[in-house]
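One structure is given here, and the rest of the page talks about it.
Just so it is clear, the model here is predicted, and its values are computed rather than measured. Residue numbering restarts at 1 for every chain, and letters A, B, ... go by the order of the sequence lines.
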Amino acid sequence: MSILQDANRQQISKRRKIDFILHILFIAATAIGIVALMALLVNIMVDGLSRLSPELFTNYPSRIASKAGLKSAIVGSIYMVLIMAPISFILGVGAAIYLEEYANKNKFTRLIQLNISTLAGVPSIVYGILGLTLFVRGLGLGRSLLSGSLIMTLLILPIIIVSSQEALRAVPRQRRDASFALGATRWQTVAGSVLPSAMPGVLTGVILALSRAIGETAPLVMVGALTFVAFLPSGIMDSFTVMPIQIFNWISRPQEAFHELAAAGIILLLALLLIMNFAAILLRNKYQKNL
Amino acid sequence: MNTLIDIKNLNLYYGTYHALKDVSLTIPEKAVTAFIGPSGCGKSTLLRTLNRMNDMIAGTKIDGRVEITGTDIYSNEVDVETLRKKVGMVFQQPNPFPKSIYDNIAYGPRLHGIRNKQKLDEIVEQSLRQAVLWEEVKDFLKRSAFSLSGGQQQRLCIARALAVNPDILLMDEATSALDPISTLKIEELVQELKDRYTIVMVTHNMHQAARVSDQTVFFLNGEVVEFSETEQLFSNPTDQRTEDYITGRFG
(Lines give C-alpha, C1' and ligand atoms only; values in the text may rest on other atoms or scores of the structure.)
Protein backbone atom coordinates (compact mmCIF):
# COMPACT_ATOMS: atom_id res chain seq x y z
CA MET A 1 0.00 0.00 0.00
CA SER A 2 1.27 3.46 -0.85
CA ILE A 3 2.13 5.66 2.11
CA LEU A 4 -0.31 8.21 0.70
CA GLN A 5 -3.29 5.90 0.97
CA ASP A 6 -4.80 6.58 4.32
CA ALA A 7 -7.10 3.94 5.70
CA ASN A 8 -9.03 6.61 7.53
CA ARG A 9 -10.29 8.84 4.74
CA GLN A 10 -13.63 9.21 6.43
CA GLN A 11 -12.08 10.97 9.38
CA ILE A 12 -10.41 13.44 7.03
CA SER A 13 -13.61 14.21 5.17
CA LYS A 14 -15.31 14.89 8.49
CA ARG A 15 -12.58 17.35 9.45
CA ARG A 16 -13.01 19.07 6.12
CA LYS A 17 -16.75 19.35 6.60
CA ILE A 18 -16.29 21.13 9.93
CA ASP A 19 -13.78 23.44 8.29
CA PHE A 20 -16.27 24.25 5.51
CA ILE A 21 -19.20 24.92 7.87
CA LEU A 22 -17.15 27.25 10.06
CA HIS A 23 -15.86 29.03 6.98
CA ILE A 24 -19.46 29.82 6.00
CA LEU A 25 -20.31 30.90 9.54
CA PHE A 26 -17.41 33.33 9.67
CA ILE A 27 -18.45 34.84 6.34
CA ALA A 28 -21.96 35.27 7.72
CA ALA A 29 -20.63 36.97 10.84
CA THR A 30 -18.69 39.43 8.71
CA ALA A 31 -21.63 39.98 6.37
CA ILE A 32 -24.01 40.97 9.15
CA GLY A 33 -21.78 43.86 10.15
CA ILE A 34 -21.35 45.04 6.58
CA VAL A 35 -25.03 44.66 5.68
CA ALA A 36 -26.08 46.64 8.75
CA LEU A 37 -23.69 49.45 7.84
CA MET A 38 -24.90 49.42 4.22
CA ALA A 39 -28.54 49.50 5.29
CA LEU A 40 -27.80 52.46 7.53
CA LEU A 41 -25.97 54.31 4.77
CA VAL A 42 -28.68 53.65 2.16
CA ASN A 43 -31.41 54.69 4.57
CA ILE A 44 -29.65 57.97 5.34
CA MET A 45 -28.76 58.63 1.71
CA VAL A 46 -32.38 58.18 0.62
CA ASP A 47 -33.57 60.63 3.26
CA GLY A 48 -30.77 63.13 3.11
CA LEU A 49 -29.34 63.37 -0.41
CA SER A 50 -32.12 65.68 -1.62
CA ARG A 51 -31.28 68.16 1.15
CA LEU A 52 -27.54 68.09 0.49
CA SER A 53 -27.16 71.52 -1.09
CA PRO A 54 -24.82 74.50 -0.80
CA GLU A 55 -27.44 76.18 1.41
CA LEU A 56 -26.75 73.54 4.04
CA PHE A 57 -23.29 75.06 4.47
CA THR A 58 -24.26 78.71 4.22
CA ASN A 59 -27.56 78.94 6.13
CA TYR A 60 -28.00 79.28 9.84
CA PRO A 61 -30.49 77.05 11.66
CA SER A 62 -34.05 78.22 11.20
CA ARG A 63 -37.57 77.37 12.28
CA ILE A 64 -38.44 77.03 8.61
CA ALA A 65 -36.96 73.79 7.25
CA SER A 66 -36.33 75.12 3.73
CA LYS A 67 -34.16 77.95 5.10
CA ALA A 68 -32.31 75.91 7.73
CA GLY A 69 -28.61 75.10 7.42
CA LEU A 70 -25.66 73.88 9.39
CA LYS A 71 -23.37 76.89 9.10
CA SER A 72 -23.04 77.67 12.80
CA ALA A 73 -22.75 73.97 13.68
CA ILE A 74 -20.02 73.28 11.11
CA VAL A 75 -18.05 76.32 12.20
CA GLY A 76 -18.61 75.38 15.85
CA SER A 77 -17.26 71.87 15.23
CA ILE A 78 -14.22 73.24 13.44
CA TYR A 79 -13.48 75.79 16.17
CA MET A 80 -13.84 73.08 18.79
CA VAL A 81 -11.32 70.85 17.02
CA LEU A 82 -8.92 73.76 16.57
CA ILE A 83 -8.96 74.43 20.31
CA MET A 84 -8.94 70.77 21.30
CA ALA A 85 -6.22 69.47 18.99
CA PRO A 86 -3.20 71.32 20.40
CA ILE A 87 -4.27 71.00 24.04
CA SER A 88 -5.04 67.30 23.87
CA PHE A 89 -1.93 66.60 21.80
CA ILE A 90 0.41 68.27 24.28
CA LEU A 91 -1.27 66.83 27.39
CA GLY A 92 -1.85 63.35 25.96
CA VAL A 93 1.54 62.83 24.36
CA GLY A 94 3.23 64.44 27.37
CA ALA A 95 1.55 62.01 29.75
CA ALA A 96 2.40 59.07 27.48
CA ILE A 97 6.06 60.15 27.34
CA TYR A 98 6.16 60.43 31.12
CA LEU A 99 4.63 56.99 31.66
CA GLU A 100 6.68 55.19 29.02
CA GLU A 101 10.03 56.96 29.09
CA TYR A 102 10.50 58.58 32.48
CA ALA A 103 8.39 56.85 35.14
CA ASN A 104 9.68 53.83 37.01
CA LYS A 105 7.55 50.77 36.58
CA ASN A 106 6.17 50.39 40.10
CA LYS A 107 2.84 49.97 41.85
CA PHE A 108 2.04 53.66 41.66
CA THR A 109 2.52 53.93 37.90
CA ARG A 110 0.56 50.71 37.42
CA LEU A 111 -2.29 52.31 39.36
CA ILE A 112 -2.15 55.40 37.14
CA GLN A 113 -2.11 53.13 34.10
CA LEU A 114 -5.19 51.27 35.31
CA ASN A 115 -6.93 54.59 35.94
CA ILE A 116 -6.22 55.87 32.45
CA SER A 117 -7.45 52.68 30.83
CA THR A 118 -10.62 52.89 32.91
CA LEU A 119 -11.13 56.56 32.05
CA ALA A 120 -11.01 55.64 28.37
CA GLY A 121 -14.15 53.59 28.94
CA VAL A 122 -16.13 56.05 31.10
CA PRO A 123 -19.44 57.04 29.44
CA SER A 124 -19.18 60.43 27.82
CA ILE A 125 -22.17 61.85 29.70
CA VAL A 126 -20.12 61.52 32.89
CA TYR A 127 -17.50 63.79 31.39
CA GLY A 128 -20.32 66.21 30.65
CA ILE A 129 -21.29 66.28 34.31
CA LEU A 130 -17.65 66.72 35.34
CA GLY A 131 -17.25 69.55 32.86
CA LEU A 132 -20.41 71.25 34.07
CA THR A 133 -19.05 71.27 37.62
CA LEU A 134 -15.43 72.01 36.79
CA PHE A 135 -15.40 74.36 33.81
CA VAL A 136 -18.88 75.87 33.52
CA ARG A 137 -19.46 76.49 37.24
CA GLY A 138 -16.10 75.98 39.01
CA LEU A 139 -13.86 78.04 36.75
CA GLY A 140 -16.76 80.21 35.68
CA LEU A 141 -16.16 79.68 31.98
CA GLY A 142 -19.89 79.48 31.36
CA ARG A 143 -21.56 77.60 28.56
CA SER A 144 -18.86 78.65 26.15
CA LEU A 145 -16.90 77.24 23.25
CA LEU A 146 -13.93 77.01 25.62
CA SER A 147 -15.83 74.93 28.19
CA GLY A 148 -17.07 72.56 25.52
CA SER A 149 -13.62 72.14 24.00
CA LEU A 150 -12.02 71.50 27.39
CA ILE A 151 -14.58 68.83 28.22
CA MET A 152 -13.96 67.15 24.89
CA THR A 153 -10.23 67.35 25.58
CA LEU A 154 -10.75 65.47 28.85
CA LEU A 155 -12.91 62.95 27.05
CA ILE A 156 -10.33 62.06 24.42
CA LEU A 157 -7.25 62.47 26.62
CA PRO A 158 -7.20 58.85 27.86
CA ILE A 159 -7.60 57.57 24.30
CA ILE A 160 -4.68 59.68 23.13
CA ILE A 161 -2.53 58.66 26.09
CA VAL A 162 -3.17 54.95 25.58
CA SER A 163 -2.60 55.02 21.82
CA SER A 164 0.53 57.18 22.18
CA GLN A 165 1.88 54.80 24.80
CA GLU A 166 1.39 51.92 22.42
CA ALA A 167 3.20 53.83 19.69
CA LEU A 168 6.10 54.63 22.04
CA ARG A 169 6.28 51.07 23.29
CA ALA A 170 6.58 49.81 19.70
CA VAL A 171 9.88 51.68 19.25
CA PRO A 172 12.65 49.09 19.65
CA ARG A 173 14.78 49.45 22.77
CA GLN A 174 17.95 49.31 20.68
CA ARG A 175 17.07 52.70 19.25
CA ARG A 176 17.00 54.22 22.72
CA ASP A 177 20.22 52.41 23.67
CA ALA A 178 21.96 53.82 20.62
CA SER A 179 21.01 57.33 21.65
CA PHE A 180 21.89 56.93 25.34
CA ALA A 181 25.22 55.34 24.43
CA LEU A 182 26.15 58.52 22.56
CA GLY A 183 25.65 60.55 25.72
CA ALA A 184 22.09 61.74 25.16
CA THR A 185 19.87 62.79 28.05
CA ARG A 186 16.43 61.27 28.37
CA TRP A 187 14.71 64.16 26.60
CA GLN A 188 17.30 64.18 23.81
CA THR A 189 16.63 60.49 23.32
CA VAL A 190 12.88 60.98 23.30
CA ALA A 191 13.01 63.94 20.92
CA GLY A 192 15.75 62.69 18.62
CA SER A 193 15.20 58.98 18.50
CA VAL A 194 11.92 57.77 20.01
CA LEU A 195 9.32 60.34 18.95
CA PRO A 196 10.30 60.44 15.26
CA SER A 197 9.75 56.67 15.11
CA ALA A 198 6.55 56.81 17.14
CA MET A 199 5.03 59.85 15.38
CA PRO A 200 2.90 57.97 12.82
CA GLY A 201 1.27 55.95 15.59
CA VAL A 202 0.84 58.99 17.82
CA LEU A 203 -0.73 61.08 15.06
CA THR A 204 -3.05 58.29 14.02
CA GLY A 205 -4.24 58.00 17.62
CA VAL A 206 -4.75 61.75 17.92
CA ILE A 207 -6.72 62.00 14.70
CA LEU A 208 -8.94 59.05 15.55
CA ALA A 209 -9.55 60.55 19.00
CA LEU A 210 -10.44 63.91 17.45
CA SER A 211 -12.85 62.26 15.07
CA ARG A 212 -14.51 60.61 18.04
CA ALA A 213 -14.86 64.02 19.67
CA ILE A 214 -16.49 65.45 16.55
CA GLY A 215 -19.20 62.83 16.73
CA GLU A 216 -19.84 63.14 20.47
CA THR A 217 -23.08 64.74 21.63
CA ALA A 218 -23.80 63.79 25.21
CA PRO A 219 -21.17 65.80 27.11
CA LEU A 220 -22.05 68.94 25.17
CA VAL A 221 -25.74 68.48 25.89
CA MET A 222 -24.77 68.58 29.55
CA VAL A 223 -22.94 71.90 29.20
CA GLY A 224 -25.68 73.17 26.97
CA ALA A 225 -24.05 73.77 23.65
CA LEU A 226 -27.09 75.71 22.51
CA THR A 227 -29.15 74.03 19.89
CA PHE A 228 -30.41 77.17 18.26
CA VAL A 229 -27.44 79.34 17.46
CA ALA A 230 -28.03 81.66 14.55
CA PHE A 231 -24.64 83.32 14.69
CA LEU A 232 -20.96 82.37 14.58
CA PRO A 233 -19.03 82.38 17.84
CA SER A 234 -16.94 85.56 17.91
CA GLY A 235 -14.55 84.35 20.60
CA ILE A 236 -13.75 81.37 22.76
CA MET A 237 -16.12 82.60 25.48
CA ASP A 238 -19.09 82.77 23.09
CA SER A 239 -21.87 80.21 23.05
CA PHE A 240 -21.83 77.69 20.22
CA THR A 241 -23.28 74.54 18.72
CA VAL A 242 -21.74 71.56 16.94
CA MET A 243 -22.92 69.27 14.15
CA PRO A 244 -24.16 66.26 16.15
CA ILE A 245 -26.18 68.54 18.44
CA GLN A 246 -27.82 70.29 15.51
CA ILE A 247 -28.62 66.89 14.02
CA PHE A 248 -30.06 65.75 17.34
CA ASN A 249 -32.17 68.88 17.49
CA TRP A 250 -33.55 68.42 13.98
CA ILE A 251 -34.33 64.77 14.43
CA SER A 252 -36.37 65.46 17.56
CA ARG A 253 -38.73 67.78 15.68
CA PRO A 254 -41.99 66.40 14.35
CA GLN A 255 -41.79 67.72 10.78
CA GLU A 256 -40.61 65.31 8.05
CA ALA A 257 -38.53 68.06 6.39
CA PHE A 258 -36.33 68.41 9.45
CA HIS A 259 -35.72 64.67 9.48
CA GLU A 260 -34.39 64.96 5.96
CA LEU A 261 -32.17 67.83 7.03
CA ALA A 262 -30.87 65.69 9.87
CA ALA A 263 -30.07 62.89 7.42
CA ALA A 264 -28.17 65.38 5.26
CA GLY A 265 -26.29 66.49 8.37
CA ILE A 266 -25.42 62.89 9.16
CA ILE A 267 -24.06 62.41 5.64
CA LEU A 268 -21.85 65.45 6.15
CA LEU A 269 -20.66 64.21 9.53
CA LEU A 270 -19.92 60.74 8.17
CA ALA A 271 -18.02 62.26 5.27
CA LEU A 272 -16.01 64.36 7.70
CA LEU A 273 -15.15 61.33 9.84
CA LEU A 274 -14.22 59.37 6.74
CA ILE A 275 -11.91 62.17 5.61
CA MET A 276 -10.24 62.31 9.01
CA ASN A 277 -9.68 58.57 9.15
CA PHE A 278 -8.34 58.70 5.63
CA ALA A 279 -5.98 61.50 6.67
CA ALA A 280 -4.78 59.31 9.53
CA ILE A 281 -3.97 56.51 7.10
CA LEU A 282 -2.21 58.88 4.69
CA LEU A 283 -0.14 60.37 7.50
CA ARG A 284 0.88 56.96 8.71
CA ASN A 285 1.92 55.85 5.25
CA LYS A 286 3.81 59.04 4.58
CA TYR A 287 5.86 58.72 7.76
CA GLN A 288 6.45 55.03 7.30
CA LYS A 289 7.98 55.70 3.90
CA ASN A 290 10.44 58.10 5.51
CA LEU A 291 11.68 55.50 7.96
CA MET B 1 51.30 49.57 28.19
CA ASN B 2 49.47 52.16 30.25
CA THR B 3 46.39 51.12 32.14
CA LEU B 4 43.32 53.06 31.04
CA ILE B 5 40.52 51.29 32.87
CA ASP B 6 41.02 49.96 36.35
CA ILE B 7 38.22 47.83 37.79
CA LYS B 8 38.53 47.15 41.52
CA ASN B 9 36.46 44.60 43.45
CA LEU B 10 33.36 45.19 41.36
CA ASN B 11 30.17 43.44 42.44
CA LEU B 12 26.95 43.84 40.52
CA TYR B 13 23.50 42.58 41.46
CA TYR B 14 20.33 42.45 39.37
CA GLY B 15 17.87 42.39 42.25
CA THR B 16 19.05 39.40 44.24
CA TYR B 17 21.02 37.86 41.37
CA HIS B 18 24.75 38.27 41.84
CA ALA B 19 25.87 38.88 38.25
CA LEU B 20 29.47 40.03 38.76
CA LYS B 21 31.50 38.67 41.64
CA ASP B 22 34.45 40.63 42.92
CA VAL B 23 35.82 41.47 39.49
CA SER B 24 39.22 43.16 39.42
CA LEU B 25 40.73 43.91 36.06
CA THR B 26 43.00 46.39 34.34
CA ILE B 27 42.51 47.26 30.70
CA PRO B 28 45.44 48.79 28.82
CA GLU B 29 45.04 51.72 26.48
CA LYS B 30 45.22 51.57 22.68
CA ALA B 31 44.84 47.82 22.56
CA VAL B 32 42.05 45.33 21.99
CA THR B 33 40.78 43.47 25.03
CA ALA B 34 38.36 40.62 24.45
CA PHE B 35 35.86 39.23 26.96
CA ILE B 36 35.01 35.60 26.33
CA GLY B 37 32.94 33.04 28.20
CA PRO B 38 29.70 31.10 27.95
CA SER B 39 26.26 32.80 27.83
CA GLY B 40 25.26 34.41 31.12
CA CYS B 41 28.81 34.56 32.46
CA GLY B 42 28.65 38.33 32.99
CA LYS B 43 30.89 39.49 30.16
CA SER B 44 28.23 41.73 28.57
CA THR B 45 27.18 42.97 31.99
CA LEU B 46 30.72 44.09 32.72
CA LEU B 47 30.94 45.76 29.32
CA ARG B 48 27.73 47.68 29.99
CA THR B 49 29.11 48.72 33.37
CA LEU B 50 31.94 50.58 31.65
CA ASN B 51 29.57 53.15 30.10
CA ARG B 52 26.92 52.80 32.82
CA MET B 53 24.28 51.40 30.48
CA ASN B 54 23.28 49.14 33.39
CA ASP B 55 22.01 52.23 35.23
CA MET B 56 18.82 52.04 33.22
CA ILE B 57 17.93 48.54 34.33
CA ALA B 58 15.77 48.79 37.43
CA GLY B 59 17.07 46.94 40.47
CA THR B 60 20.75 47.07 39.49
CA LYS B 61 23.09 47.54 42.43
CA ILE B 62 26.81 48.08 42.13
CA ASP B 63 29.68 48.27 44.58
CA GLY B 64 33.38 48.52 43.97
CA ARG B 65 35.18 51.00 41.76
CA VAL B 66 35.56 51.43 38.03
CA GLU B 67 38.27 53.97 37.36
CA ILE B 68 39.01 55.44 33.98
CA THR B 69 42.24 57.46 34.02
CA GLY B 70 42.01 57.54 37.78
CA THR B 71 38.44 58.82 38.18
CA ASP B 72 35.69 56.56 39.50
CA ILE B 73 32.95 56.62 36.85
CA TYR B 74 30.28 56.01 39.49
CA SER B 75 31.30 59.02 41.58
CA ASN B 76 29.53 62.38 41.59
CA GLU B 77 32.42 63.97 39.74
CA VAL B 78 31.43 62.21 36.55
CA ASP B 79 28.42 63.14 34.42
CA VAL B 80 27.06 60.06 32.73
CA GLU B 81 26.63 62.01 29.47
CA THR B 82 30.35 62.84 29.44
CA LEU B 83 31.25 59.27 30.31
CA ARG B 84 29.22 57.91 27.39
CA LYS B 85 30.72 60.48 25.08
CA LYS B 86 34.16 59.24 26.00
CA VAL B 87 33.17 55.56 26.06
CA GLY B 88 31.36 54.74 22.82
CA MET B 89 29.41 51.56 22.27
CA VAL B 90 28.48 49.32 19.36
CA PHE B 91 25.71 46.81 19.91
CA GLN B 92 25.01 43.26 18.84
CA GLN B 93 22.33 44.16 16.31
CA PRO B 94 23.16 47.03 13.98
CA ASN B 95 20.85 49.74 15.30
CA PRO B 96 20.93 52.77 13.01
CA PHE B 97 18.29 55.44 13.55
CA PRO B 98 15.55 55.65 10.92
CA LYS B 99 17.28 58.70 9.49
CA SER B 100 19.67 59.43 6.66
CA ILE B 101 23.24 58.18 6.78
CA TYR B 102 24.39 61.75 7.38
CA ASP B 103 21.96 62.36 10.23
CA ASN B 104 22.92 59.08 11.88
CA ILE B 105 26.54 60.20 12.13
CA ALA B 106 25.64 63.77 13.04
CA TYR B 107 23.28 62.63 15.81
CA GLY B 108 26.00 62.41 18.47
CA PRO B 109 27.84 65.65 17.67
CA ARG B 110 24.48 67.47 17.57
CA LEU B 111 23.60 66.11 21.03
CA HIS B 112 26.75 67.68 22.35
CA GLY B 113 25.98 71.05 20.82
CA ILE B 114 27.72 71.11 17.45
CA ARG B 115 25.42 72.96 15.04
CA ASN B 116 27.85 74.35 12.49
CA LYS B 117 27.07 72.72 9.14
CA GLN B 118 30.65 72.81 7.94
CA LYS B 119 31.95 71.29 11.16
CA LEU B 120 29.30 68.55 10.99
CA ASP B 121 30.21 67.80 7.37
CA GLU B 122 33.81 67.38 8.45
CA ILE B 123 32.93 65.07 11.32
CA VAL B 124 30.65 62.95 9.13
CA GLU B 125 33.30 62.49 6.47
CA GLN B 126 36.06 61.82 8.98
CA SER B 127 34.00 59.30 10.96
CA LEU B 128 32.86 57.43 7.86
CA ARG B 129 36.45 57.32 6.59
CA GLN B 130 37.62 55.89 9.91
CA ALA B 131 34.94 53.21 9.68
CA VAL B 132 36.02 52.50 6.06
CA LEU B 133 32.52 53.28 4.83
CA TRP B 134 33.10 56.65 3.18
CA GLU B 135 33.90 55.37 -0.31
CA GLU B 136 30.77 53.22 -0.32
CA VAL B 137 28.32 55.87 0.82
CA LYS B 138 29.78 59.29 0.00
CA ASP B 139 27.34 59.79 -2.89
CA PHE B 140 24.21 58.81 -0.95
CA LEU B 141 24.61 60.52 2.40
CA LYS B 142 20.97 61.64 2.23
CA ARG B 143 19.71 58.09 1.76
CA SER B 144 18.12 56.19 4.64
CA ALA B 145 20.55 54.22 6.78
CA PHE B 146 18.19 51.26 6.36
CA SER B 147 19.11 51.06 2.67
CA LEU B 148 22.55 49.76 3.70
CA SER B 149 23.39 46.09 4.15
CA GLY B 150 23.75 44.62 7.65
CA GLY B 151 27.53 44.83 7.60
CA GLN B 152 27.45 48.41 6.29
CA GLN B 153 24.91 49.30 8.96
CA GLN B 154 27.23 47.99 11.65
CA ARG B 155 30.14 50.01 10.26
CA LEU B 156 27.77 52.99 10.20
CA CYS B 157 27.12 52.37 13.89
CA ILE B 158 30.85 52.29 14.52
CA ALA B 159 31.24 55.56 12.62
CA ARG B 160 28.38 57.01 14.64
CA ALA B 161 30.13 56.05 17.86
CA LEU B 162 33.43 57.55 16.62
CA ALA B 163 31.74 60.81 15.66
CA VAL B 164 31.62 62.03 19.27
CA ASN B 165 35.36 61.50 19.55
CA PRO B 166 35.55 58.80 22.22
CA ASP B 167 38.69 57.33 23.75
CA ILE B 168 37.22 53.91 24.38
CA LEU B 169 35.04 51.81 22.10
CA LEU B 170 32.94 49.00 23.55
CA MET B 171 31.76 46.33 21.13
CA ASP B 172 29.07 44.00 22.42
CA GLU B 173 29.19 40.96 20.12
CA ALA B 174 29.24 43.44 17.29
CA THR B 175 29.67 40.83 14.57
CA SER B 176 27.38 38.06 15.77
CA ALA B 177 24.50 39.18 13.53
CA LEU B 178 26.70 39.53 10.44
CA ASP B 179 27.81 37.26 7.63
CA PRO B 180 31.46 36.06 7.52
CA ILE B 181 32.62 38.64 5.00
CA SER B 182 31.12 41.56 6.91
CA THR B 183 32.59 40.08 10.08
CA LEU B 184 36.02 40.03 8.50
CA LYS B 185 35.69 43.66 7.46
CA ILE B 186 34.80 44.69 11.00
CA GLU B 187 37.71 42.69 12.39
CA GLU B 188 40.08 44.45 10.00
CA LEU B 189 38.56 47.74 11.03
CA VAL B 190 39.16 46.95 14.70
CA GLN B 191 42.82 46.33 13.92
CA GLU B 192 43.06 49.75 12.32
CA LEU B 193 41.18 51.52 15.07
CA LYS B 194 43.28 50.19 17.93
CA ASP B 195 46.08 52.63 17.12
CA ARG B 196 43.79 55.45 18.18
CA TYR B 197 41.22 53.89 20.48
CA THR B 198 41.07 51.49 23.38
CA ILE B 199 38.75 48.72 22.31
CA VAL B 200 36.92 46.33 24.59
CA MET B 201 34.94 43.64 22.82
CA VAL B 202 32.63 40.91 23.99
CA THR B 203 32.56 37.93 21.69
CA HIS B 204 31.06 34.48 21.59
CA ASN B 205 33.51 33.53 18.93
CA MET B 206 36.80 32.35 20.43
CA HIS B 207 38.53 32.39 17.06
CA GLN B 208 37.61 36.02 16.75
CA ALA B 209 39.12 36.78 20.16
CA ALA B 210 42.25 34.90 19.14
CA ARG B 211 42.47 36.71 15.77
CA VAL B 212 41.70 40.22 16.89
CA SER B 213 42.58 40.86 20.51
CA ASP B 214 45.77 41.61 22.39
CA GLN B 215 44.43 40.62 25.80
CA THR B 216 41.72 38.14 26.60
CA VAL B 217 39.62 37.81 29.73
CA PHE B 218 37.80 34.55 30.38
CA PHE B 219 34.64 34.81 32.49
CA LEU B 220 32.68 32.07 34.18
CA ASN B 221 29.60 32.54 36.39
CA GLY B 222 30.30 36.21 36.99
CA GLU B 223 33.95 35.74 37.91
CA VAL B 224 37.17 36.45 36.06
CA VAL B 225 38.84 33.09 35.68
CA GLU B 226 41.85 34.11 33.68
CA PHE B 227 43.22 37.29 32.18
CA SER B 228 46.36 37.40 30.09
CA GLU B 229 47.89 38.11 26.71
CA THR B 230 45.71 36.51 24.07
CA GLU B 231 48.47 34.27 22.73
CA GLN B 232 49.32 33.09 26.20
CA LEU B 233 45.68 32.41 27.11
CA PHE B 234 44.93 30.37 24.02
CA SER B 235 48.20 28.46 23.80
CA ASN B 236 49.01 27.96 27.41
CA PRO B 237 46.13 28.61 29.78
CA THR B 238 46.94 28.39 33.47
CA ASP B 239 43.46 27.46 34.68
CA GLN B 240 41.89 24.11 33.93
CA ARG B 241 38.46 25.72 33.31
CA THR B 242 39.95 28.04 30.69
CA GLU B 243 41.49 25.10 28.93
CA ASP B 244 38.22 23.18 29.02
CA TYR B 245 36.40 26.14 27.52
CA ILE B 246 38.83 27.00 24.75
CA THR B 247 39.19 23.38 23.73
CA GLY B 248 35.40 23.17 23.46
CA ARG B 249 34.69 20.82 26.33
CA PHE B 250 31.85 23.10 27.48
CA GLY B 251 30.24 26.45 26.66
Side-chain angles (χ1 to χ4, degrees), chain A residues 93 96-113 164-204 282-291, chain B residues 47-48 50-59 79-100 103-113 127 143-147 153-154 156-166 168-172 177:
Chain A
V93 178
I97 289 175
Y98 170 71
L99 287 170
E100 284 304 311
E101 306 293 328
Y102 284 85
N104 293 319
K105 301 279 173 283
N106 55 28
K107 269 191 185 145
F108 180 64
T109 44
R110 271 204 295 277
L111 186 72
I112 293 179
Q113 192 70 62
S164 302
Q165 275 186 289
E166 271 161 22
L168 291 172
R169 226 175 287 148
V171 178
R173 214 198 55 185
Q174 290 95 313
R175 228 165 261 175
R176 296 182 178 83
D177 282 350
S179 176
F180 283 125
L182 288 166
T185 60
R186 225 166 252 282
W187 167 244
Q188 284 178 317
T189 300
V190 169
S193 164
V194 181
L195 267 189
S197 305
M199 230 7 151
V202 169
L203 286 180
T204 309
L282 280 184
L283 260 174
R284 193 167 44 196
N285 291 348
K286 178 177 173 285
Y287 270 89
Q288 263 162 359
K289 264 190 217 126
N290 288 348
L291 291 188
Chain B
L47 194 76
R48 294 171 68 89
L50 301 180
N51 66 345
R52 293 182 54 178
M53 287 297 273
N54 285 325
D55 290 16
M56 279 175 293
I57 301 169
D79 292 318
V80 69
E81 290 84 359
T82 310
L83 171 73
R84 290 182 185 147
K85 191 178 159 204
K86 286 292 160 197
V87 186
M89 190 169 203
V90 181
F91 296 84
Q92 183 169 0
Q93 293 286 338
N95 58 352
F97 299 117
K99 301 171 186 283
S100 70
D103 287 334
N104 261 278
I105 308 292
Y107 189 92
R110 280 177 179 145
L111 288 178
H112 297 286
S127 309
R143 231 182 248 182
S144 164
F146 288 161
S147 64
Q153 287 187 12
Q154 195 61 304
L156 180 76
C157 292
I158 293 173
R160 183 176 64 187
L162 298 180
V164 292
N165 198 18
I168 301 168
L169 191 60
L170 309 176
M171 302 180 81
D172 190 358

From the list A/Lys105, A/Gln174, A/Arg176, the residue making the most non-hydrogen contacts under 4.5 Å with chain B is A/Gln174

Okay, B/Pro166 and chain A: the region with an atom under 4.5 Å from a heavy atom over there is neither

Rounding to 0.5 Å, atoms CG (A/Leu182) and CE (B/Met89) come to a distance of 11.5 Å

NZ (B/Lys99) and OG (A/Ser197) are apart, to the nearest 0.5 Å, by 7.5 Å

Heavy atoms of A/Gly183 and B/Leu111 approach each other most closely as C-CD1, 4.3 Å

If one checks every heavy atom of A/Asn106 against chain B at 4.5 Å, the contacting part turns out to be neither

If one checks every heavy atom of B/Val87 against chain A at 4.5 Å, the contacting part turns out to be backbone

One should read off an interatomic distance between B/Tyr107 OH and A/Gln188 CD, to the nearest 0.5 angstrom, of 7.5 Å

Separation between CE (B/Met56) and CZ (A/Arg186), nearest 0.5 Å, reads 7.0 Å

Q. Any side-chain heavy-atom pair from A/Ser179 and B/Phe97 closer than 4.5 angstrom?
A. yes

Cut-off 4.5 Å, heavy atoms of chain A, and the answer for B/Arg48 is side chain

Turns out that what part of B/Arg52 lies under 4.5 Å from chain A's heavy atoms comes down to neither

Applying a strict 4.5 Å limit to non-hydrogen atoms, the region of B/Val164 in contact with chain A is side chain

TODO: Taking the side chain as every heavy atom from C-beta outward, state whether A/Arg175 and B/Pro96 have any pair of such atoms under 4.5 Å apart.
DONE: no

